[in-house]
Amino acid sequence: MTILVTGATGLVGRHVVDQLLRARESVRVLTRNPANARFPDGVEVFTGDLLEPGSLVSAFEGVEKLFLFPQPETAVEVVDLAKQAGVRRVVVLSAAAVTLGFDTDYHVRVERAVEESGLEWTHVRPGEFMTNMLPIWGRMIKESRTVRYPFGDDPGNASIHEADIADVAVVALLEDGHVGKAYTLSGPEQLSVRGQVEAIAGALSEEVRYEEVSREEARDILTAMGGFAAESADLLLGFVDYDGGGGGSGDGYSDQDYSELMKPLPGYGEATGKAGRTYAQWARDHVEAFR
């Protein structure tokens, strides 16, 4: 049985590949740039692009199961090609925003394409990734051992380790009891910004200061950093909505809904029977990014 992993160089896809190899499965990956992608020994590498469905025909040959990275523009065509090739099960990397109706177009379109295909399906819907702040806090901590950010003592959210998302995807690929289910995932604890900084300091065994600044000051800091920090500043700091619109909670996504999504959710335990990885574990796993 061959399993095709799309998005294999991504935060979740890398872990899916590694876990499938540990389970001694036959793993094939899809990448647009095989010359620049590095995969473990034993992985079959195919060149292709989800945005160009015609490039996927050979990659689907002999594949029984598929981990599908979301590309709504071509989801129907990609899933149809997979079905024609004999794929029987698809696990979709989706988003927790679908569960509360906040995402009504992007990931939903991919989920719907798979459901309507008649193939076996499971949707994996993670909330915020623990890794999201790594490009920002990693640089701050390396340069000054200080995180300057707002919201320090807000309750925070129960962000999730990317390896936990892969755990659920892999059990859904390999076990039959997850067909037709959608798992909304979070980490096991709701942790404030200050608590996250303390966890990183613990992983480093060094002092890392937290300095509270206003949203406006934080936007200036992130804008000056350039790159991802500048591009994401308004969204991260609440100046725009998830869908890019300004103000309010948009699309019927109430403050109460958002509060519920910030809390630990049961999906990981339901799928795996285990407790998820803590933020402290994530900080230890990524400690070199803060040195």
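Nothing here was measured: the structure is a model prediction, and the numbers come from that model. Computed from heavy atoms alone, side chains included, the values below leave out hydrogens, waters and symmetry copies.
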With the threshold set at 4.0 Å, does a side-chain nitrogen-carboxylate oxygen contact exist between [X] and [Y]?
| X | Y | answer |
| --- | --- | --- |
| R89 | D176 | yes |
| R145 | E207 | no |
| D18 | R22 | no |
| R277 | D167 | yes |
| E288 | R291 | yes |
| R139 | E143 | yes |

With E120 as reference, evaluate R88, K181, K65 under the salt bridge (charged side-chain N to carboxylate O under 4.0 Å, His left out) test and give the passing residue.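 The residue from R88, K181, K65 that satisfies salt bridge (charged side-chain N to carboxylate O under 4.0 Å, His left out) with E120 turns out to be R88.
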
Using modelled atom types and a 3.5 Å cut-off, is there a donor and acceptor pairing between side-chain atoms of [X] and backbone atoms of [Y]?
| X | Y | result |
| --- | --- | --- |
| R28 | A59 | yes |
| N33 | A35 | no |
| E212 | G152 | yes |
| T223 | A230 | no |
| T6 | F69 | yes |
| Y210 | Y149 | yes |
| S192 | G195 | yes |
| K83 | S117 | yes |
| S55 | E52 | yes |

I'd like to know whether V29 forms a side-chain contact (heavy atoms from CB on, under 4.5 Å) with L4, so could you lay out the CA-CA distance, the side-chain angles of the two residues, the decisive distance to 0.1 Å, and finally the verdict. CA-CA 6 Å; V29 299; L4 176 63; 5.6 Å; no

Once rounded to the nearest 0.5 Å, what's the spacing between atom [atom1] of [X] and atom [atom2] of [Y]?
| X | Y | atom1 | atom2 | answer |
| --- | --- | --- | --- | --- |
| L56 | D49 | CG | CG | 7.5 Å |
| I141 | M133 | CD1 | CE | 10.0 Å |
| I136 | S232 | CD1 | OG | 6.0 Å |
| L173 | L20 | CG | CG | 6.0 Å |
| I160 | I165 | CD1 | CD1 | 4.5 Å |
| T272 | D164 | OG1 | CG | 7.5 Å |

F290 and W137 aromatic centres sub-6.0 Å: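 They do not qualify: ring centres at least 6.0 Å apart.
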
Quick check: H161 with Y279 (ring centres under 6.0 Å apart)?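 Ring centres of H161 and Y279 not closer than 6.0 Å.
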
Going by heavy atoms in the side chains, are [X] and [Y] under 4.5 Å from each other?
| X | Y | answer |
| --- | --- | --- |
| T122 | V92 | no |
| F46 | S58 | yes |
| E64 | V87 | no |
| Y183 | E270 | yes |

Exercise: identify the closest heavy-atom pair between [X] and [Y]:
| X | Y | result |
| --- | --- | --- |
| V193 | P150 | CG2-O, 4.1 Å |
| A203 | V287 | O-CG2, 3.6 Å |
| L185 | G267 | CD2-C, 3.5 Å |
| H107 | L93 | CD2-O, 3.8 Å |
| D103 | Y106 | OD1-N, 3.0 Å |
| A289 | L134 | CB-CD1, 3.7 Å |

Tell me whether [Y] is reachable from [X] by hopping between hydrophobic residues (I, L, V, M, F, W, Y) whose side-chain heavy atoms are closer than 4.5 Å.
| X | Y | answer |
| --- | --- | --- |
| F129 | V168 | yes |
| L30 | F39 | yes |
| V76 | V90 | no |
| V108 | L68 | no |
| L81 | L51 | no |

Given W282 and S159, is the side-chain hydrogen bond (donor to acceptor under 3.5 Å, both in side chains) satisfied, shown in steps? CA-CA 10 Å; W282 175 86; S159 56; over 6 Å; no

Can the positive tip of R219 be found less than 6.0 Å from the middle of the six-membered ring of F239, inside 45° of the ring normal? yes

Would you check, one step at a time, whether the test side-chain contact (heavy atoms from CB on, under 4.5 Å) holds for I3 with L174? CA-CA 10 Å; I3 300 173; L174 299 183; 3.8 Å; yes

Steps toward side-chain contact (heavy atoms from CB on, under 4.5 Å) verdict (L204, V208): CA-CA 9 Å; L204 284 166; V208 178; 4.0 Å; yes

So E115 and H123, side-chain contact (heavy atoms from CB on, under 4.5 Å) or not? Walk me through it. CA-CA 10 Å; E115 291 174 15; H123 303 321; 2.7 Å; yes

May I ask you to check whether S214 and E217 show a side-chain donor-acceptor distance below 3.5 Å?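 Looking only at side-chain atoms, E217 and S214 do form a donor-acceptor pair, the distance falling under 3.5 Å.
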
Would you say the side-chain atoms of E211 and T146 include a donor-acceptor pair closer than 3.5 Å?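 Short answer, no.
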
Between E162 and H286, is the side-chain hydrogen bond (donor to acceptor under 3.5 Å, both in side chains) condition met? List the steps. CA-CA 11 Å; E162 60 273 16; H286 295 80; 2.8 Å; yes

Determine, stepwise, if the pair R125 / E111 fulfils salt bridge (charged side-chain N to carboxylate O under 4.0 Å, His left out). CA-CA 10 Å; R125 297 174 175 170; E111 290 190 6; 2.7 Å; yes

